[in-house]
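Nothing here was measured: the structure is a model prediction, and the numbers come from that model.
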Amino acid sequence: MTSQTPDRLSTVTQFILERERDRPNATGDFTALLNAIALAGKRISHDVNRAGIADIIGLTGETNIQDEQVQKLDMIANTQLERALAPTGLVCAIGSEEEDEPVQLENGENGRYVVLYDPLDGSSNIDVGAPIGTIFSIYKRKTPVGSTSNSLEDMLQPGRDLAASGYMIYGSSTMLAYTTGEGVHLFTLDPEIGEFILTNSDLKDDGGAKVYSANEGHSLTWDKVDLEWVSQLKEEGYSSRYIGSLVADFHRNLLRGGIFAYPGNSAAPNGKLRLLYEAAPLAFIMEQAGGSATDGKRRILDIQPTELHQRTPLYIGSASEVERIIKMRAHTSTTATR
Ligand code: AHM
Ligand code: MG
């Protein structure tokens, strides 16, 4: 990773405000939206840190639309984000991994944006204290401002049209990374003063590390190309690092280099990860940092979603690593290999 080491003290709010000031037509919307998301992140971070002692570990007893068991903290994180975004008046609707359908926000008719999120990614790791995170996307709405949002039309947009995306990771420290298409900027929460402080601006993935992150426990269900690819990496002396929390695996690879993969498999040809809540927002960040992301054939940011909770295979990381798997997959017919 390369980045500019900040020569001054700046909170996330100051940083975004400064950037907006450089743009003559800036409305201040991003400052308000990212502030709201950062506020929710501080509350979620607080809850995650106290989960064991606050009796908020465990399941709610419900399953979400993806048939996954919902953790109490999934619901808490989902609510914190909605509660922080609603008062901005800037958001007409939200889409969440934990909500079956788009949620129209009260008084949101004049909101110019839709926000989509995975409120607590990697939530199966909550009980064991491993890093988890929030992933978010912001799109400009397509339906006219002032009307009731046809949320699906507003939300089913390809990642290349993202206005901003980012994530917050709740790990050994709480960090926030975001991009609006002008580089990737990273902030660390100072818990004493409750502010996200700029720690790296304009992060660049320099492809440094020979690391791959994939759940090889599923490899018997992978096709031959993925198996060959991983064998090749092993022969070349790569290390494997897999936490099972996408945001944590992604964050480590963004800082150190490497590739994360969640391929399709014989039971689930599109894999597990969600295009709108996970793949597209992280692909926008990775591309802004100089890396890339593919489903094996297509650039993730070019995929036109057709469903809110659509899944996609994902290979994301340093550009040369992603290029290698694209080439391997192009040279072998997938149907002939599984
Ligand atoms: P979640 O959003 O419900 O937490 O599920 C997504 C998570 C990712 O964070 C992680 O990369 C993946 O599921 C792990 O899946 P597996 O246990 O199959 O390796
Ligand atoms: Mg997730």
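- Closest approach of Ala214 to Trp222, counting heavy atoms only: CB-CH2, 4.0 Å.
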Apply the test side chain to side chain contact (heavy atoms under 4.5 Å, CB included) to residues Ser137 and Val115: give CA-CA distance (whole Å), side-chain angles for both, the deciding distance (0.1 Å), then the verdict. CA-CA 6 Å; Ser137 297; Val115 180; over 6 Å; no

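- Side-chain atoms of Lys142 never come within 3.5 Å of backbone atoms of Ser151 as a donor-acceptor pair (strictly under, hydrogens ignored).
- Taking the side chain to side chain contact (heavy atoms under 4.5 Å, CB included) definition, one finds that Glu323 meets it with Lys327, sequence neighbours left out.
- No donor-acceptor pair under 3.5 Å is formed between the side chain of Glu182 and the backbone N or O of Thr179.
- Side-chain atoms of Asn49 come within 3.5 Å of backbone N or O of Ser45 as a donor-acceptor pair.
- The line from CZ of Phe250 to CD1 of Ile135 is 8.5 Å long, rounded to the nearest 0.5 Å.
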What verdict does the side chain to side chain contact (heavy atoms under 4.5 Å, CB included) test give for Gln304 and Gln157, after you've listed the backbone C-alpha separation in whole Å, the side-chain angles of each residue and the deciding distance to 0.1 Å? CA-CA 6 Å; Gln304 170 64 53; Gln157 299 194 49; 5.9 Å; no

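- A donor and an acceptor atom, one from each side chain of Asn253 and Ser213, are located under 3.5 Å apart.
- In this structure the side chain of Leu81 reaches within 4.5 angstrom of the side chain of Ile44, judged on heavy atoms.
- Counting only residues at least two apart or on different chains, the ring pair (Phe, Tyr, Trp, His ring centres under 6.0 Å) pairs with a member in residues 274-317 are Trp229-Tyr315, Tyr277-His309.
- Within the structure, salt bridge (charged side-chain N to carboxylate O under 4.0 Å, His left out) contacts touching residues 266-290 (residues at least two apart or in different chains) are Glu68-Arg274, Glu97-Arg274, Arg274-Glu278, Glu287-Arg299.
- Considering only residues two or more places apart in sequence or on other chains, Glu18 meets the side chain to side chain contact (heavy atoms under 4.5 Å, CB included) condition with Arg8, Arg21.
- Put simply, the side chain of Ser165 gets close to the backbone of Pro281: a donor and an acceptor are under 3.5 Å apart.
- Note on Ile325 and Val211: separate hydrophobic clusters, where clusters join Ile, Leu, Val, Met, Phe, Trp and Tyr whose side-chain heavy atoms are under 4.5 Å apart, directly or indirectly.
- By the 4.5 Å heavy-atom criterion applied to side chains, Leu276 and Gln310 are not counted as neighbours.
- Side-chain contact between Thr134 and Tyr170: present, with at least one pair of heavy atoms (C-beta onward) separated by less than 4.5 Å.
- The side chain to side chain donor-acceptor pair (under 3.5 Å) search around Arg112 returns Asp29, not counting sequence neighbours.
- Contacts classified as salt bridge (charged side-chain N to carboxylate O under 4.0 Å, His left out) and involving residues 163-173 (residues at least two apart or in different chains) are not found.
- Val247 and Ile132 get closest at one heavy-atom pair: CG1-C, 3.6 Å.
- Surrounding CD of Glu106 are at most 12 heavy atoms belonging to other residues, nucleotides or ligands under 6.0 Å away.
- Using a distance-only test at 3.5 Å, with no hydrogens or angles considered, no donor-acceptor pair links the side chain of Asn125 to the main chain of Val128.
- A 4.5 Å side-chain heavy-atom check between Leu156 and Thr306 finds every atom pair outside the cut-off.
- Between atom OH of residue Tyr238 and atom CD1 of residue Ile259 there is a gap of 8.5 Å, rounded to the nearest 0.5 Å.
- Residues satisfying the side chain to side chain contact (heavy atoms under 4.5 Å, CB included) criterion with Ser318, sequence neighbours excluded, are Asp205, Glu321.
- No donor-acceptor pair under 3.5 Å is formed between the side chain of Ser123 and the backbone N or O of Asp74.
- In the hydrophobic clustering of this structure, Ile326 groups with Val225; members are Ile, Leu, Val, Met, Phe, Trp, Tyr whose side-chain heavy atoms approach within less than 4.5 Å, directly or through other members.
- Judged by distance alone, the side chain of Thr11 and the main-chain N or O of Gln14 form a donor-acceptor pair under 3.5 Å.
- Val48 is not listed as a side-chain neighbour of Ile126, based on a closest heavy-atom distance of 4.5 Å or more.
- The nearest pair of heavy atoms linking Ile285 to Gly166 is CD1-CA, 3.6 Å.
- In this structure, CG in Leu314 is found 9.0 Å from CG in Asp295, a value given to the nearest 0.5 Å.
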After noting the C-alpha distance and the side-chain angles of Met75 and Asn78, does the key distance pass the side chain to side chain contact (heavy atoms under 4.5 Å, CB included) rule? CA-CA 5 Å; Met75 286 324 296; Asn78 195 47; 4.1 Å; yes

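- Counting only residues at least two apart or on different chains, the ring pair (Phe, Tyr, Trp, His ring centres under 6.0 Å) pairs with a member in residues 83-129 are Phe30-Tyr113.
- Val91 has its side chain within reach of Leu33: a pair of non-hydrogen atoms, C-beta onward, lies under 4.5 Å apart.
- Counting only heavy atoms from C-beta outward, the side chains of Ser96 and Leu116 never approach each other to under 4.5 Å.
- Side-chain atoms of Tyr167 and His251 include a donor-acceptor pair closer than 3.5 Å.
- Taking the side chain as every heavy atom from C-beta outward, Phe260 and Tyr212 never approach each other to under 4.5 Å.
- Remark: His46 pairs with no residue by the ring pair (Phe, Tyr, Trp, His ring centres under 6.0 Å) rule, at least two apart or across chains.
- Across all non-hydrogen atoms, the minimal contact from Ala289 to Val184 is N-CG2, 3.9 Å.
- Applying the side chain to side chain contact (heavy atoms under 4.5 Å, CB included) criterion to Ala86, with sequence neighbours excluded, gives Leu105.
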Step by step, work out the side chain to side chain contact (heavy atoms under 4.5 Å, CB included) result for Thr312 and Ile303. CA-CA 9 Å; Thr312 179; Ile303 301 175; 4.1 Å; yes

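- Put simply, Val103 and Leu120 are part of the same group of oily side chains (I, L, V, M, F, W, Y) that touch within less than 4.5 Å, one to the next.
- Pairs of residues two or more places apart, or lying in two chains, that qualify as salt bridge (charged side-chain N to carboxylate O under 4.0 Å, His left out) and include a residue from residues 157-172 are Arg160-Asp302.
- Under the 3.5 Å distance criterion, the side-chain polar atoms of Asn265 are matched with a main-chain donor or acceptor of Ala268.
- Look at Asp249 and Arg252 and you find a salt bridge, because one of the NZ, NE, NH1 or NH2 atoms lies within 4.0 Å of a carboxylate O, short of that distance.
- Around CD of Glu216, the count of heavy atoms belonging to other residues, nucleotides or ligands within 6.0 Å exceeds 12.
- Put simply, Tyr242 and Leu273 are part of the same group of oily side chains (I, L, V, M, F, W, Y) that touch within less than 4.5 Å, one to the next.
- Centroid-to-centroid, the aromatic rings of Phe187 and Phe15 come within less than 6.0 Å.
- For the pair Glu236 (side chain) and Leu233 (backbone), a donor-acceptor distance under 3.5 Å is absent.
- If you chain together hydrophobic residues whose side chains sit under 4.5 Å apart, Leu189 and Ile16 fall into the same group.
- A distance of 9.0 Å separates CG in Leu198 from CG in Leu9, rounded to the nearest 0.5 Å.
- Applying the side-chain hydrogen bond (donor to acceptor under 3.5 Å, both in side chains) test to residues at least two apart or on different chains, the pairs with a partner in residues 186-195 are Thr188-Thr199.
- His185 places no side-chain N or O within 3.5 Å of a backbone atom of Ser201 that could act as its donor or acceptor partner.
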